Amino acid sequence: MLRTSKIRWLSGTLVLLAFLTLLLPQALLPHAAAAQAQTSGIDAVLVADVSNSMNTSDRDKISNEAMKMFIDMLPVQGDKVGIVAYTDQVEREKALLEIQSDADKSSLKDFIDQLGRGPYTDISVGVAEAVNVLNHGADRSHSPMIVLLADGNNDFNKTKGRTQSQSDADLAKAVKEAQDQGIPVYTIGLNADGKLNKDALADLAQQTGGKSFITDTPDDLPQILSEIFADHAKLNVVKLPSITGNGSYQEVTVNVPNDSVLEANISIMSSKQVQIELTDPSGKAVDLNSDAAKLSTSKSYSLVKLLKPQEGDWKLRVKGAPKDSIDINLLFNYDLQLVVDPIKTKSYTKGDKVDLSAKLENGGQPLQDNDLYADMKATLVVNDQDTGKSTEQPLENTGSGFAGTFEVPDKHNYELVIRAEEDSFYRESAPITINAGGAAGSGTQPTTPAGEQDKPFPWMPVILGVIALIIVAVGGWFLLGWLKRKNRGFVGQMVVEIRDENTGDKSYPQYKKLASFRGRFHLHQLLQLDPELKETERYVFTPSNGDRIIIRNTAGGTLEKSGRAVDASSGVELKNGDRLSIPLQQADKTILIEYLV
């Protein structure tokens, strides 16, 4: 009965999608896609060089503090974060985790605190694995990004025969993949010891559309992470007055300019702990652990997040240690898109005038708070596709949108983008293509070609298409289900150790990534097929729901999970952080496993 209902649901869904695809004007689809792209969340992978060279480049592990601050700045729900720590291999890794609560952020920050250091470095390993993490867990509606914290230098293990040219080739491959998928790489060069390879990091950022930053002191990292967060989310960092601690509370005004602000992030950077108080525009004290505001603290920063804050002047009171320099930044999160009204499709030529108008939308609806337009300025950015030259012209602020006219200067192809900006954020429209070289069509904006509305609607193809879809859906459901079970992938990694029961010695932990396996694999494969441990072939892993894994002993028997013996013949489910002990009868050894997502 359950399978039948699923088939009916899938068939109905496909029929509905078929009707929507055929009935909606095709020219509206790019418009909708552009709006979706601008409202997307973020899928970020934080990549950290944890080689021993960081002992001098980042002595106090402030890079860890910066990554934690980046996580704290993200919205309360919806975004995804993954972490890759590398030397000349991936040392620790956390697959993309969707943030749904404060507990999820705490889990990510705890993972960062556990990162250790190791010998050797190969930057291509970290970048390639970050791209791989996004490939296996990113949401297509989200905006992907990579943040790399490193000194840019390689230090290869000579016993492995790795060469710089091999590393360069692997890095070039990862960069090409990032370019193809629109993944910008933001690089932060750590230069405390003066040995930074800044050119390599700058080139990596430039090739992928990211930005490159350099710091001689790790204390700058929280500020840099604010800039990266702002750049990717199309926000402007609002610099508030800095203060010097004197042992007493000092007041700073935080102005929330309008009711369209979803969140306000107040980041406070100081070398010593500070005390914070906050009052809302009515003068009422605000609980910093409530639905209105949340406070996150670490050894180098404090971050106050205001949730859907009231418009007006908030008062931030900060008490710092005497003579301690305290920097305060402000970032607003908005759910706003800049949408251009459709233009008519036609063949343009030199001298033609194209009327343009754009407005802000919130959740797909025109912005109701026109006060937000008051301080905004808009610019039309014109890119000549034939010459590569770019020009700008101001647009009129109408009080409820922006308007202007583009006059085609020559028989070229042009790409137009409207950019609207105020002090705390900016938005850019989807590009408009103007073809003045003789061919028809603009191709990227919703249009209504002349005479299109006079054509009869093709009902017969629609009906036949729906019938075909129903037939395909019923048969395809069974086929897809079988293929999905057979080829279902794994996430996360296994930390594997081998304990010799005669001596009590344990092997060095090995981190085995699971992304390359499909459908099932056995424990012997993780142990590099060591003949001595062949009996581990009987332990088979299969994927389960919710990023979990099932281990089953195909020969029957028990194993230890969290110190308790459990029957593995019918399968034992593992979730993130679970540990297993598997005693071997033929080798006097015990396999110790920890599953990490």
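Below, each value reflects all heavy atoms present in this structure, side chains not excepted, and no hydrogens, waters or symmetry copies. It should be emphasised that the depicted structure is a prediction, and the values quoted were computed from it without experimental measurement.
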Next on the checklist: With a 3.5 Å distance limit and no angle check, can you tell me whether Asp79 reaches the backbone of Ile42 through a side-chain donor-acceptor pair?
Outcome noted: yes
Next on the checklist: Given 3.5 Å as the limit, does a donor-acceptor pair link the side chain of Lys561 with the main chain of Glu573, or not?
Outcome noted: yes
Item to check | Approximate separation, where rounding is to 0.5 Å, of Asn153 CG and Asp155 CG | outcome: 9.0 Å
Next on the checklist: Would the distance check show the side chain of Thr208 and the main-chain N or O of Val185 forming a donor-acceptor pair, the cut-off being under 3.5 Å?
Outcome noted: yes
Checklist entry - Is the closest basic N to carboxylate O distance between Lys109 and Asp113 below 4.0 Å? => result no
Item to check | Euclidean distance, Ser296 OG relative to Ile71 CD1, rounded to 0.5 Å | outcome: 10.5 Å
Checklist entry - Under a 4.5 Å cut-off applied to non-hydrogen side-chain atoms, are Leu97 and Val81 in contact? => result no
Checklist entry - Quick check: does any side chain N or O of Gln114 sit under 3.5 Å from a backbone N or O of Phe111, one acting as donor and the other as acceptor? => result no
Checklist entry - So, Glu177 side chain and Val131 main chain: donor-acceptor pair closer than 3.5 Å or not? => result no
Checklist entry - Okay, side chain of Gln207, backbone of Gln179: is any donor-acceptor separation there less than 3.5 Å? => result no
Checklist entry - Can you tell if the side chain of Asp203 reaches within under 4.5 Å of the side chain of Asp199, non-hydrogen atoms only? => result no
Checklist entry - Does some side-chain heavy atom of Ile83 sit less than 4.5 Å from a side-chain heavy atom of Arg92? => result no
Checklist entry - When the ring planes of Phe521 and Phe541 are compared, do they come out parallel, tilted or perpendicular, using 30° and 60° as the limits? => result parallel
Next on the checklist: Please report the interatomic distance NZ(Lys105) to CD(Gln77), rounded to the nearest 0.5 Å.
Outcome noted: 10.0 Å
Checklist entry - Between OH of Tyr120 and CD of Glu91, what distance do you get to the nearest 0.5 Å? => result 12.0 Å
Checklist entry - Which atom pair, heavy atoms only, marks the closest approach of His522 to Thr536? => result CB-O, 4.5 Å
Checklist outcome for this item: Smallest heavy-atom separation, Gln100 atom then Glu98 atom, equals NE2-OE2, 2.7 Å
Checklist entry - Between Leu96 and Gly82, what is the shortest heavy-atom contact and its length? => result CD2-N, 3.4 Å
Checklist outcome for this item: Rounding to 0.5 Å, atoms CG (Leu149) and CG (Asp49) come to a distance of 9.5 Å
Checklist entry - Applying the side-chain contact (heavy atoms from CB on, under 4.5 Å) test to Ile188, which of Leu148, Val47, Ile228 qualifies? => result Ile228
Next on the checklist: As a quick check of understanding, evaluate side chain to side chain contact (heavy atoms under 4.5 Å, CB included) for Val84 and Asn132, giving each step before the final call.
Outcome noted: CA-CA 10 Å; Val84 173; Asn132 184 53; over 6 Å; no
Next on the checklist: I'd like to know if Lys294 and Asp72 make a salt bridge, using a cut-off of under 4.0 Å between side-chain N and carboxylate O.
Outcome noted: no
Checklist entry - Are Ser53 and Asp151 close enough that a side-chain donor and a side-chain acceptor fall under 3.5 Å? => result yes
Item to check | Minimum-distance pair of heavy atoms, taken over all atoms of Met69 and Ser267 | outcome: CE-CB, 3.2 Å
Checklist entry - Got a second to check how far Ile224's CD1 is from Lys211's NZ, nearest 0.5 Å? => result 12.5 Å
Checklist entry - Would you say Lys305's side chain and Leu74's backbone share a donor-acceptor pair under 3.5 angstrom? => result yes
Checklist entry - Sub-3.5 Å donor-acceptor pair from the side chain of Ser569 to the main-chain atoms of Asn553, do we have one? => result no
Item to check | Evaluation steps, side chain to side chain contact (heavy atoms under 4.5 Å, CB included), between Leu46 and Leu108 | outcome: CA-CA 11 Å; Leu46 306 177; Leu108 289 165; over 6 Å; no
Item to check | Neighbour count above 12 (heavy atom, 6.0 Å) for Asn289 CG | outcome: no
Next on the checklist: So for atom CG, which belongs to Asp110, do other residues, nucleotides or ligands contribute more than 12 heavy atoms lying within a distance under 6.0 Å?
Outcome noted: yes
Next on the checklist: For Asp170 and Arg162: C-alpha separation, side-chain torsions, deciding distance, then whether salt bridge (Lys or Arg N to Asp or Glu O under 4.0 Å) applies.
Outcome noted: CA-CA 11 Å; Asp170 288 343; Arg162 178 74 163 173; 2.8 Å; yes
Checklist entry - Is the NZ atom of Lys176 crowded by more than 12 outside heavy atoms at less than 6.0 Å? => result no
Item to check | Pairwise side-chain contact, Val50 with Thr87, heavy-atom cut-off 4.5 Å (strictly under) | outcome: yes
Next on the checklist: Can you tell whether the side chains of Asp578 and Arg548 come within less than 4.0 Å, N to carboxylate O?
Outcome noted: no
Checklist entry - Below 4.5 Å, heavy atoms only, C-beta onward: do Phe213 and Leu201 meet side chain to side chain? => result no
Checklist entry - Is Asn576 reaching over with its side chain to a backbone N or O of Val597, donor-acceptor style, under 3.5 angstrom? => result yes
Next on the checklist: One thing to verify: whether Lys80 and Asp139 come together as a salt bridge, which I'm taking to mean a side-chain N less than 4.0 angstrom from a carboxylate O.
Outcome noted: no
Item to check | For the student: nearest non-hydrogen atoms of Ser290 and Leu307, plus distance | outcome: O-CD1, 4.5 Å
Checklist entry - Under 4.5 Å between any side-chain heavy atoms of Asp88 and Phe156, yes or no? => result no
Checklist entry - With distance as the sole test, does Tyr595 use its side chain to make a donor-acceptor pair with the main-chain N or O of Ile549 at under 3.5 Å? => result no
Checklist entry - For Val491 and His136, what are the C-alpha separation, side-chain angles and deciding distance, and is it a side chain to side chain contact (heavy atoms under 4.5 Å, CB included)? => result CA-CA 8 Å; Val491 299; His136 287 85; 5.8 Å; no
Checklist entry - How far apart are the C-alpha atoms of Thr215 and Leu190, what are their side-chain angles, what is the distance that settles it, and do they pass the side chain to side chain contact (heavy atoms under 4.5 Å, CB included) test? => result CA-CA 6 Å; Thr215 176; Leu190 308 177; 4.1 Å; yes
Checklist entry - If you measure only the distance, is there a donor-acceptor pair under 3.5 Å linking the side chains of Glu501 and Thr590? => result yes
Item to check | Val127 side chain reached by Ser124 side chain, heavy atoms, under 4.5 Å | outcome: no
Checklist entry - Considering all heavy atoms of both residues, which atom of Ala200 and which atom of Gly152 are nearest to each other, and what is their separation? => result CB-O, 4.4 Å
Item to check | Side-chain heavy-atom pair Ile123, Asn197 within 4.5 angstrom cut-off | outcome: no
